[in-house]
Amino acid sequence: MSRILQYRSELAALCSGGLLTLAFAPYALPYLAPVALIALYLAWQRQTPRRAAATAYCFGLGLFGSGIWWVYISIHDFGGADPASAAALAALLVAAWAAFPALAAWLIAMVPWPGAWTRAAGAALLWVAVEYFRGNYVLNGFPWLQIGYSQTGTPLAGFAALGGAYAVGFLLAFSAFAAAEMAQKTVRWRSGLALLLAIWGVGAGLRAVAWTEPAGAPIAVTLVQGNIGQDEKWLAHQQLATLNLYRKLTEQHWDSDVIIWPETAIPAFLEDVKPFFIDPLQAEARARGVDIVVGLPSSGQGRDYYNSVLALGETQALYHKIHLLPFGEYLPLQPLSGWVLDQLAIPLGDFAAGGARQPLLRAGGHAFVATICYEDAFGELVARQAAEAGYIVNMTNDAWFGDSAQPHQHLQMAQMRALETGRYLVRATNTGVTAFIAPDGAVKRQAPFFATVAISDSIVPMRGATPYLYLGDGGAFAAIALLVLAVAAGERRFGLAG
């Protein structure tokens, strides 16, 4: 028992990491996020950098172990790996991502902070900076379970239009760390409480600000959810049945202005189905004054092929996915990863990435930002196109993860993109969550999970730009860093923490 108590900080951190998972969808208990972060901050106090990193690593194991266990489903159920191999790969991913909270804690413990306020603000900045590094650069980026996303339904969401998900995450972490400093009586509780109330109060006020305005009349949109089993989707003898299903669901909604299908709804290359399916579908849609947006693979030059969106209006126009999914659409860390996955007999794609500056597609009389799969998890990718677009479309297939938390977590990230850009975001998925999201991040309507259905609603194309569209993540981090430096300067000169 005494040996267990020796590691009580690590055990507490492990539990706190699991608690943080509950702040995200589908559990949607966002106020557990500051509780979990307070517990972690208190756990690593007065620890050496190495011990603080170990404590935060346990936190990461709790967070990712409970929050992304669904990777096992994709590896085992649909990737074909045996249970032991799938569990080992899932555990390896959890262990790898847990290293990032550890890195943040080590950096925080290494810095000689001039005072408690600077320590709280600097720690919050380092935390989200490490999240940014993880979410954008490691294995092409994995932004899942970044703390800002847990706050889409709280007053802090009002800051999304100013500085994006990382600004929200910074203010959440700062609120938690400052509260921990207050609990340790290293800052005056009255001034600390006043500051926290001001932050959350301003956030609530910002939620009422309309950063964008209508760019035209509402347009009627239908989202088609085919609910094709992942184990059946690419079977050759199922291809015609799939095409007929999507066409039938589409024909029931010719009264819409725009009809959107999910990612790779057409399980065949564009060139193979264009003469007998795409061209007749476009002709009928044009005759009825309807635009159809479909997902399918397409060929490029040489042996390149793309995960694409095809807009069928007056003309046909393509968007090729830019941000590819590692281990799903391409293999990083070659040749090691290829050899490992070959041994496990897991079949994976090898797509090419589209160009970073592709023209926006149009449907319903307005340009829109097209995102495929988890591209809507990257704020800057969407933001750099949104100013010229009336709305955002995400087409995805989260069937790879079954009936798990992953589709709900993905929806919550899409809600953040609507908040950041001040635009409607519509999601067409294969099995769920197919949904309409308003500019304030609220889900207006969603389809039931694992149902073959088409849902319709109206959206309003928007124009104008939120501050985040100008700042991007780089500008947001620069502003946060300046704020932390100002706190440090004030604390050195005036002893603000006293």
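These numbers come from a predicted model, not from an experiment.
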So does Glu388 have more than 12 non-hydrogen atoms from other groups sitting under 6.0 Å from CD?
no
Side-chain (Thr212) to main-chain (Gly422) donor-acceptor, under 3.5 angstrom:
yes
Value for OG (Ser298) from CD1 (Ile266), rounded to nearest 0.5 Å, stands at 11.0 Å
Are Trp70 and Ile68 packed together at the side-chain level, in the sense that at least one heavy-atom pair is separated by less than 4.5 angstrom?
yes
Does Lys248 have any salt bridge (charged side-chain N to carboxylate O under 4.0 Å, His left out) partners at least two apart in sequence or in another chain, and if so, which?
none
Which pairs would a plain distance check flag for residues 439-451, meaning a side-chain donor or acceptor within less than 3.5 Å of a matching protein atom at least two apart in sequence or in another chain?
residue : atom : partner : partner atom : Å
Asp440  : OD1  : Ala442  : N            : 3.0
Lys444  : NZ   : Ser458  : O            : 2.8
Arg445  : NH1  : Ser456  : O            : 2.5

Could you walk me through whether Leu240 and Phe277 satisfy the side chain to side chain contact (heavy atoms under 4.5 Å, CB included) test, starting with their C-alpha distance in whole Å, then the side-chain angles of each, then the deciding distance to 0.1 Å, before giving a yes or no?
CA-CA 10 Å; Leu240 286 179; Phe277 185 77; over 6 Å; no
Please give me the minimum heavy-atom distance between Val130 and Phe100, naming the atom from each residue.
CG1-O, 3.3 Å
Partners meeting salt bridge (charged side-chain N to carboxylate O under 4.0 Å, His left out) with Lys274 (sequence neighbours left out)
Asp279
Do side-chain atoms of Thr466 reach the backbone of Glu420 as a donor and acceptor pair under 3.5 angstrom?
yes
Please report the shortest heavy-atom distance between Met413 and Ala377, naming the atom on each side.
CE-CB, 3.5 Å
The reported gap from OG1 in Thr264 to NZ in Lys233 (rounded to nearest 0.5 angstrom) is 2.5 Å
Should the heavy atoms of other residues, nucleotides or ligands under 6.0 Å from OH of Tyr470 be counted, would the total exceed 12?
no
Taking 4.0 angstrom as the limit, do Arg463 and Glu213 come out as a salt bridge?
yes
Locate the shortest heavy-atom distance separating Gly169 from Ile147; write the atom from each residue and the value.
O-CD1, 3.3 Å
For Ala268, is there any backbone N or O sitting under 3.5 Å from a side-chain donor or acceptor partner on Gln239?
no
Determine whether a donor-acceptor pair (N or O, by modelled atom type, separation under 3.5 Å) exists between the side chain of Tyr246 and the backbone of Gly226.
yes
Got a sec: does the OH of Tyr137 have more than 12 other heavy atoms crowding it under 6.0 Å?
no
Before you tell me yes or no, could you show the steps for Phe436 and Ile455 under side chain to side chain contact (heavy atoms under 4.5 Å, CB included), namely the whole-Å CA-CA distance, both residues' side-chain angles and the distance that decides it to 0.1 Å?
CA-CA 9 Å; Phe436 291 84; Ile455 61 171; 3.9 Å; yes
Under a 3.5 Å cutoff, is there a donor and acceptor pairing between the side chains of Glu263 and Asn430?
no
Between the main-chain N or O of Gly364 and the side-chain N or O of Asp257, is there a donor-acceptor pair closer than 3.5 Å?
no
Heavy-atom side-chain proximity of Leu125 to Phe170 below 4.5 angstrom:
yes
Can you tell me if Trp211 and Thr421 form a side-chain donor-acceptor pair at under 3.5 Å?
no
Which of Trp400, Trp144, Phe401 passes ring pair (Phe, Tyr, Trp, His ring centres under 6.0 Å) with His410? Answer is Trp144
Qualifying residues under salt bridge (charged side-chain N to carboxylate O under 4.0 Å, His left out), relative to Asp376, sequence neighbours excluded
Arg427
Phe142 and Arg134: side chain to side chain contact (heavy atoms under 4.5 Å, CB included), yes or no, with the steps?
CA-CA 6 Å; Phe142 185 73; Arg134 165 172 72 86; 3.8 Å; yes
Kindly determine whether Val138 and Phe133 satisfy side chain to side chain contact (heavy atoms under 4.5 Å, CB included), including the steps that lead there.
CA-CA 7 Å; Val138 180; Phe133 176 66; 3.6 Å; yes
Using a 4.5 Å cut-off on heavy atoms from C-beta on, say whether the side chain of Phe177 contacts that of Ile38.
no
Taking all atoms of both residues into account, what is the closest heavy-atom pair of Phe378 and Arg417, and its distance?
N-NH1, 3.7 Å
Measure the spacing between CG of Leu381 and CD1 of Ile322 and express it to the nearest 0.5 Å.
5.0 Å
OG of Ser150 to CD of Gln412, rounded to nearest 0.5 Å, is 7.0 Å
Enter the distance from Leu312:CG to Ile292:CD1 here, rounded to the nearest 0.5 Å.
6.0 Å
Check whether any side-chain heavy atom of Leu156 sits under 4.5 Å from a side-chain heavy atom of Ile199, and report yes or no.
yes
I would like to know whether Tyr149 and Phe24 meet ring-ring contact (aromatic ring centres under 6.0 Å, His included); could you show each step before the answer?
CA-CA 7 Å; Tyr149 289 109; Phe24 296 90; 7.8 Å; no
Can you confirm whether Val258 sits close enough to Phe368 that some side-chain heavy atom of one is under 4.5 Å from a side-chain heavy atom of the other?
no
Once you round to the nearest 0.5 Å, how far does CH2 of Trp261 lie from CG of Leu245?
9.0 Å
Hey, are the side chains of Phe269 and Leu296 touching, using non-hydrogen atoms and a 4.5 Å cut-off?
no
A side-chain contact here means heavy atoms from C-beta on lying under 4.5 Å apart; do Leu469 and Arg423 qualify?
yes
Please check if the side chain of Gln358 supplies one atom and the backbone of Gly355 the other of a donor-acceptor pair under 3.5 Å.
yes
Compute whether any side-chain donor of one residue and acceptor of the other, for Asn394 and Thr371, lie under 3.5 angstrom apart.
yes
Residues forming a salt bridge (charged side-chain N to carboxylate O under 4.0 Å, His left out) with Arg247, sequence neighbours excluded
Glu251, Glu284
Any non-hydrogen side-chain atom of Leu310 less than 4.5 Å from a side-chain atom of Leu270?
yes
Output every pair passing side-chain hydrogen bond (donor to acceptor under 3.5 Å, both in side chains) with a member in residues 154-170, not counting sequence neighbours, ordered by first then second residue.
Asn136-Tyr166, Gln146-Tyr166, Gln151-Thr154
Taking all heavy atoms of Leu145 and all of Gly67, pick out the closest pair and write down the distance.
CD1-CA, 3.7 Å
Minimal heavy-atom distance between Ser308 and Leu318, with the atoms involved, is CB-CD2, 3.9 Å
Please check if any side-chain donor atom of Thr396 sits under 3.5 Å from a side-chain acceptor atom of Thr429, or the reverse.
no
Does any donor atom in the side chain of Tyr468 or Asp473 lie under 3.5 Å from an acceptor atom in the other side chain?
yes
